[in-house]
Amino acid sequence: MDREEYVEAVLRAVESIPEGSVATYGDIAEYVGQGGPRQVGAIMREYGGGVPWWRVIRASGVPADEVGDEQLHRLRSDGVRITNGRVNLRDARWDPQD
DNA sequence: CAACTGACGGCCT
DNA sequence: GAGGCCGCCAGTT
């Protein structure tokens, strides 16, 4: 799998996160089956426009620093419960079989 | 080729 | 729960 295919695979994975749920960078990497969380983050930074990037957060439930406020706002309008600037992953975490 | 970098994560205080 | 530390891994210097 070359880099372009990898980028496409990551973007498709993000697109498949349904409204109302979230995935971690690590979740996406695992789902794609290649690379790691940092690769996913790098791809979101570069190619994230065009996909629901706000549904990808850190494993701690906190969004990436740069986009944090907008991300939380978008998630809330998705219907995701936010408590103290954090997403409750136990509720909202993406399950690929959906 | 070595060093640095970072939309990260898990483990240990 | 919050930091600090270190591992990870691909891209850039």
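Chain naming here is simple, since letters A, B, ... match the order of the sequence lines and numbering starts at 1 in each. Note that the coordinates shown come from a computational prediction; the quantities given were computed from them, not determined experimentally.
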Could you pull out all donor-acceptor pairs under 3.5 Å where a side-chain atom in residues 16-23 of chain A meets a protein atom, sequence neighbours excluded?
unit_1  : atom_1 : unit_2  : atom_2 : d
A:Ser16 : OG     : A:Ala13 : O      : 2.6
A:Ser21 : OG     : A:Pro18 : O      : 3.1

For A:Pro37 and A:Gly26 the tightest heavy-atom approach is CG-CA, 4.0 Å
Contact check, residues 45-57 of chain A vs DNA chain B, heavy-atom distance under 4.0 Å, returns A:Arg45, A:Trp53
Ordered by number, residues from residues 23-32 of chain A within less than 4.0 Å of DNA chain B (heavy atoms) are A:Thr24, A:Tyr25, A:Gly26
Students should find that the nucleotides of DNA chain C closing off the region near chain A, any atom under 4.0 angstrom from a heavy atom, are C:dG1 to C:dG11
Do you reckon A:Leu75 sits in the same ILVMFWY cluster as A:Val67, going by side-chain contacts under 4.5 Å, direct or chained? yes
From the list A:Leu89, A:Asp27, A:Leu72, A:Val80, side chain to side chain contact (heavy atoms under 4.5 Å, CB included) partner of A:Ile57 resolves to A:Leu89
Hey, is A:Arg74 close enough to A:Asp69 for a salt bridge, meaning N to O under 4.0 Å? no
*Checking all strands, does A:Gln39 fall into the base, sugar-phosphate, or nothing category for heavy-atom contacts under 4.0 angstrom?*
base
Between the CH2 atom in A:Trp94 and the CD1 atom in A:Ile28, the distance rounded to the nearest 0.5 Å is 5.0 Å
In the 5' to 3' direction, the nucleotides of DNA chain B bounding the stretch that comes under 4.0 Å of a heavy atom in chain A are B:dG6 to B:dG10
Q.
Before you tell me yes or no, could you show the steps for A:Ile82 and A:Gln71 under side-chain contact (heavy atoms from CB on, under 4.5 Å), namely the whole-Å CA-CA distance, both residues' side-chain angles and the distance that decides it to 0.1 Å?
A. CA-CA 11 Å; A:Ile82 310 292; A:Gln71 183 157 19; over 6 Å; no
In short, side chain to side chain donor-acceptor pair (under 3.5 Å) pairs touching residues 47-57 of chain A with sequence neighbours left out are A:Trp54-A:Asp78, A:Arg55-A:Asp78
By nearest-heavy-atom nucleotide on DNA chain C, the more 5' of A:Arg38 and A:Arg3 is A:Arg38
